[in-house]
Amino acid sequence: MAASGLSQRQRQSQIQAMGQRQIQSLEILSMGSDDLREAVYKEVQENPALIITKDAGGGNVRVSHAPPDSSRVSSASSAAGAQESDRHQAALEAHADTRLSLQDHLLSQLHVLRLPDDEMSLGERLIGNLDSRGFHILAPVSLLDKDSTAGEATLQKLIPLIQSLDPAGCCCKDTEESLLVQARQRPYPPRLALFLLDGHLDFLNPPVISSIVRKAQAFFEARSKLFGLKENPAWEGMRIDANAAENALAFIRTLDPFPARDYSTSETRYVAPDVYVEKIPASDAEGLSEDFSRGIVVQDGIAWRVRLTSSIPAVGINPSYENYSGEDGSAVISTGIRRAKEFISSMESRQDTLIRGSCMIVKRQHSFFESGPGNLETFRQKDVASVLGLHEATISRMAGSKYLQCSWGLFPLKYFFLSPATPAVPGSQDNGTSASRDKIKAEIEKIIREQEAAGGKKISDQKISDILAGRGIKIARRTVAKYRADM
């Protein structure tokens with residue numbers, strides 16, 4: 001039986017591992033302005049060696065400028081109490097809102113009704129257009145579909161229908177209209193109450209009986225002196241005295257100014273720009289040289305200024321800690337200073353990468369910033385990475401969760417990165433087209449409008465593909481169909 005032997009082998013390999021500082025730097029680079037702001041305040045609260053030196057975005061934070069006392073030990077009982085309080089608060093905040101949403105509640109009632117498809121579709125859009133109070137977000141007329149048979153007459157039919165659903169008073173423009181809708185649905189509402197809610201709610205300010213009577217009487221007296229003016233039949237012979245005013249006021253107080261308050265709502269999250277792009281006037285642009293570090297971009301004789309949001313707090317080392325070192329200070333103090341310096345360095349790296357990357361976007365997509373959507377060029381993240389000397393993954397983190405504000409609106413940074421549109425026409429020797437999807441969609445829209453203006457029939461995808469090929473853009477029919485569907 002052969003004896004088993006043991007052998008040793010030596011193998012050399014190279015492994016690249018990211019340190020804690022690199023990880024922190026990448027995390028900060030990935031954050032949008034709102035998340036980074038929260039991260040700054042959290043770091044300042046946890047590390048007394050770091051302070052906020054300037055905060056243009058406002059906000060308060062408790063920062064100690066007193067010399068550190070390394071001999072001070074926190075109370076274990078206080079810490080335990082604070083942790084228990086935090087756990088209790090987290091439990092409250094984590095409790096899900098299980099109430100039915102207003103939209104779901106209204107839609108469940110609407111879908112029971114037997115309405116034509118066009119009316120049902122418009123009703124769903126009206127309900128989807130309601131805010132957390134149950135009021136219109138956009139003007140209802142803007143929801144009409146030009147290709148639908150549902151017109152303004154249908155709109156005037158559906159709005160009262162939805163207003164009558166539970167809870168009554170939704171699908172209105174404001175509180176005053178909502179109260180009037182609710183009042184009209186009640187049995188035997190006081191006439192004076194209907195009058196006050198129909199454009200005269202200011203008579204209730206202040207809600208004093210004698211004041212309401214005086215204002216209402218003065219209103220009708222002034223109208224009676226106007227020649228040829230016919231009074232609304234609903235108000236003829238209406239009693240206006242203290243008893244009528246008291247009954248009207250008591251009735252109005254039973255109405256709900258916000259009928260949707262008992263239903264859950266999803267909070268609207270507003271996007272804040274991280275980068276601003278502004279065109280520099282020609283008079284100020286003369287003599288300017290391009291400098292990405294200062295946010296100056298010059299292209300085709302036009303200069304642009306790129307700046308970052310001022311909502312990120314500026315941070316620095318606590319002056320009380322600056323004279324301490326690892327030799328004459330405690331290890332806790334030295335660790336705090338080191339952490340503060342690393343955090344500041346990561347912040348500076350993020351700002352530098354974001355400003356230079358944004359400048360690259362403006363320079364490459366100059367046609368967009370000058371002429372608007374439909375003019376984006378092919379542009380990839382690795383193009384920025386190669387120019388800035390960074391990894392493509394770093395540029396991906398830079399562009400994630402960040403938004404750019406310019407004269408054409410608010411756009412995600414990733415909106416400006418486009419790969420060439422493919423595939424090419426089958427059988428063609430050309431492997432694709434260098435035009436971006438944005439430009440192709442703009443060209444397709446132009447072709448469709450030209451066809452409509454000429455009074456022709458609906459143009460086919462293949463015909464559009466042939467026209468594009470004649471204009472130097474070679475894409476397949478199925479790609480045209482996909483872009484038309486997106487549009």
Side-chain angles (χ1 to χ4, degrees), residues 18 22-43 52 54-59 267-279 291-297 299 304-315 343-369 372-373 375-419 436-438:
M18 290 193 299
Q22 289 176 299
I23 294 173
Q24 182 189 54
S25 182
L26 291 175
E27 288 177 349
I28 290 177
L29 179 62
S30 303
M31 293 180 184
S33 56
D34 290 341
D35 292 334
L36 180 58
R37 181 178 176 81
E38 293 180 8
V40 169
Y41 271 89
K42 181 181 178 181
E43 186 69 20
I52 293 176
K54 183 181 179 181
D55 187 2
E267 182 181 358
T268 303
R269 182 176 176 87
Y270 295 95
V271 175
D274 301 89
V275 182
Y276 294 86
V277 177
E278 302 164 333
K279 189 176 182 179
D291 186 351
F292 285 4
S293 63
R294 293 173 50 231
I296 303 298
V297 180
Q299 182 72 16
W304 304 86
R305 177 176 288 108
V306 180
R307 62 181 178 86
L308 304 184
T309 178
S310 59
S311 66
I312 307 300
V315 292
F343 189 82
I344 294 171
S345 176
S346 297
M347 290 276 292
E348 292 173 346
S349 176
R350 174 194 185 271
Q351 302 299 81
D352 179 68
T353 302
L354 185 55
I355 190 72
R356 291 194 297 146
S358 300
C359 286
M360 278 289 299
I361 290 174
V362 174
K363 188 171 183 65
R364 186 67 179 85
Q365 303 292 10
H366 173 261
S367 297
F368 170 89
F369 290 100
N375 293 279
L376 285 177
E377 303 287 347
T378 300
F379 190 42
R380 297 167 296 184
Q381 293 180 0
K382 69 178 183 179
D383 299 333
V384 179
S386 62
V387 173
L388 300 184
L390 300 171
H391 194 276
E392 187 176 348
T394 303
I395 302 303
S396 178
R397 288 185 172 92
M398 177 208 75
S401 305
K402 298 178 186 65
Y403 293 82
L404 182 147
Q405 177 78 55
C406 64
S407 59
W408 300 104
L410 184 68
F411 301 89
L413 275 187
K414 289 191 173 182
Y415 172 83
F416 299 98
F417 294 103
L418 288 176
S419 299
S436 68
R437 291 188 298 273
D438 188 64

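Note that the coordinates shown come from a computational prediction; the quantities given were computed from them, not determined experimentally. What you see below is based on every heavy atom in this structure, not just the backbone, and it leaves out hydrogens, waters and symmetry mates.
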Whether Phe411 and Phe368 hold their rings parallel, tilted or perpendicular, with breakpoints at 30° and 60°: perpendicular
Nearest heavy atoms of Tyr415 and Pro373, plus distance in Å: OH-CB, 4.2 Å
Closest heavy-atom pair and its distance - Gly357, Val384: CA-CG1, 4.3 Å
Check Ser407 against Phe369 and note the closest heavy-atom contact, atom names and distance. OG-O, 4.5 Å
Salt bridge or not for Arg37 and Asp34, using N-O below 4.0 Å? no
Heavy atoms only: give me the nearest Leu388-Met360 pair and the separation to one decimal. CD2-CG, 4.3 Å
Take Thr309 and Tyr276, measure what side chain to side chain contact (heavy atoms under 4.5 Å, CB included) needs, and give me the verdict at the end. CA-CA 7 Å; Thr309 178; Tyr276 294 86; 4.2 Å; yes
Tell me whether Ser349 contacts the main-chain N or O of Ser345 through its side chain, where contact means a donor paired with an acceptor under 3.5 Å. no
Leu418/Leu376 under side chain to side chain contact (heavy atoms under 4.5 Å, CB included): CA gap, chis, key distance, verdict: CA-CA 8 Å; Leu418 288 176; Leu376 285 177; 3.6 Å; yes
Residue pair Ser346 / Glu27, side-chain heavy-atom distance below 4.5 Å: no
Note, Val315 side chain near Ile52 side chain (heavy atom, < 4.5 Å): yes
Quick test of your reading: applying side-chain hydrogen bond (donor to acceptor under 3.5 Å, both in side chains), list the pairs with at least one residue in residues 354-365, sequence neighbours left out, ordered by first then second residue. Glu290-Lys363, Gln299-Lys363, Asp352-Arg356
Run the salt-bridge test on Arg307 and Glu278 with the 4.0 Å N-O cut-off and return the result as yes or no. yes
Quick one: CG on Leu410 to CG on Leu404, what's the gap to the nearest 0.5 Å? 8.0 Å
Taking all heavy atoms of Ser30 and all of Leu26, pick out the closest pair and write down the distance. OG-O, 2.9 Å
Indicate yes or no: at least one non-hydrogen side-chain atom of Phe417 is less than 4.5 angstrom from one of Ile361. yes
For Asp274 and Ser33, which I'm curious about, is there any donor-acceptor pair between the side chains at under 3.5 Å? yes
CZ/Arg350 to CD1/Ile28 distance, rounded to the nearest 0.5 angstrom? 8.5 Å
Starting from the C-alpha separation in whole Å, work towards a yes-or-no answer on side chain to side chain contact (heavy atoms under 4.5 Å, CB included) for Phe292 and Ile355. CA-CA 7 Å; Phe292 285 4; Ile355 190 72; over 6 Å; no
d(Phe416 CZ, Cys406 SG) to nearest 0.5 Å is 5.5 Å
Hey, what do you get for CE (Met31) to CE (Met347), rounding to the nearest 0.5 Å? 10.0 Å
Residue pair Thr394 / His391, side-chain heavy-atom distance below 4.5 Å: yes
Nearest 0.5 Å, what's the CG-NZ distance between Leu36 and Lys402? 8.5 Å
Output for pair (Gln381 CD, Ser386 OG), nearest 0.5 Å, gives 12.0 Å
Whether over 12 other heavy atoms sit under 6.0 Å from Arg294 CZ: no
His366 vs Trp304 aromatic rings, parallel, tilted or perpendicular, using cut-offs 30° and 60°? perpendicular
